Amino acid sequence: MSYSSEMLRGNTETIILAILIQGDSYGWAILKEINTRSEGVFDIKDATIYTTIRKMENEALITTYWGEESQTARRKYYKITEEGKKYYYEKVEEWKVVKHALVKLIEGDDTDEQCCS
Amino acid sequence: MNNAAVDKILTIVNRKFAPYPKTKEVLDLKEEMISIMIDKYNDLDDSLTEKQKVASCLEVMGAYKEILSDLETVTVRKIMKTKLIDYSIFTSIYFFITIMIYLIYSLLIHKSFNSTYVIVIGMGIIYIFISSIFIYRYFKKMMFEKMQRASLSFIYGSAIAFLYVLPNLYLNIFHQINVWHPSWIICILIGNLYAIHDAFKYQKQMSKPIRILRRGINTFLLTTIIYLLISLEFKCWNITWLIYVAWFFITEIEIIINYRAYLKKMNERDKDE
């Protein structure tokens, strides 16, 4: 079952950075990795990914380089920048706070787990 | 990945990119898009048909629509700005010189403004002719193939004014020689040259039926020139119309042969799919 990409809004950049922080990757591989990691829960559209990647490139969160040619065209690889790493860690911290608050709000769970500061 | 699928994807992507200038940014984007499509194709479920796979790959293009449009705007604006400045300077100088020639000739040489307006008309025609070449070269630089093709017709159109109207106007006004007829053959000749030039240069952009149709038009124009030349030279209008009959039969046979071959090819392709 795949859920609406509405749930991911605002987090697509962080998700892409989470993949790139583990190593350089290219467009289609990133898309596949998102699908695999979310166990098929999130089926992000091609358009969303590539538009986000472009935006991240403009914001200098990632850089690009061309790979070896494979079947008529070269792949474009994406690499996280230092600024991208910094942004990613900030977003992870932010996410922990939001996640904690959302669990409380949606599940009504007030057995307070440890939360990031 | 099979070659037919690669070809199909490449054809569609090339067609999609055809109107855009072939700048580095656009070419990089195109290559990136193709590589993603090929990766996607290789990864798609084997249960899908070739047609479904290709259709799924082409969805990637939607993601780039906005980016492509932005890139085009930035690149085109940059080049257009430089070209427009050059063109404006040229236009200002050109018309300044035109007015100077007109005034000097009228006041000092001809000592009258009677008929000298032809100078302005002539310079205007030359300006249009130069402008059409300028526009053509601009689109060539930008690699806007469709616009380049359209501007080619503008060159030939202005060539008619330059080679037919201008000399006739000059001869008529300054030497009282009237050769508007039969020099109008120049117009048909230029039209024919244009049709042949366009057909050879841009035949890759044409589908097979259009190519056949264009060949028909070209040979028709050529036939007209032959018809007129023979008729005017030998004054045998009563018999030369047979040239058209010959043209009609030859063209008809050619169209039938080509169309049958085209249909056969299309049927074979449908069967393969």
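Just so you know, these numbers use all the heavy atoms, side chains as well, and skip hydrogens, waters and symmetry mates. Model, not experiment: these values are computed from the prediction. Sequence lines set the chain letters: A, B, ... in the order given, protein chains first and strands last, and positions in each chain run from 1.
Judged as a salt bridge (Lys or Arg N to Asp or Glu O under 4.0 Å), and not counting sequence neighbours, the contacts of B:Lys53 are B:Asp46. Judged as a side-chain contact (heavy atoms from CB on, under 4.5 Å), and not counting sequence neighbours, the contacts of B:Leu193 are B:Tyr156.
The stretch residues 55-63 of chain A places none of its residues near chain B, where near means some heavy atom under 4.5 Å from a heavy atom of that chain.
Sorted by first and then second residue, the ring-ring contact (aromatic ring centres under 6.0 Å, His included) pairs with a member in residues 44-63 of chain B form an empty list; sequence neighbours excluded.
Distance CG/B:Asp39 to OH/A:Tyr26: 5.0 Å, rounded to 0.5 Å. The CD atom of B:Glu32 sits 12.5 Å away from the CZ atom of A:Arg75 when rounded to the nearest 0.5 Å. Put simply, OH on A:Tyr77 and OG on B:Ser35 are 9.0 Å apart, with the number rounded to the nearest 0.5 Å.
Other residues, nucleotides and ligands contribute at most 12 non-hydrogen atoms within 6.0 Å of the CZ atom of B:Phe248. Summarising the local packing, CZ of B:Arg137 is surrounded by 12 or fewer heavy atoms from other residues, nucleotides or ligands at distances under 6.0 Å.
Considering only heavy atoms from C-beta on, B:Leu29 comes within 4.5 Å of A:Arg54 through its side chain.
Closest approach of A:Trp66 to B:Asp28, counting heavy atoms only: CH2-O, 3.3 Å.
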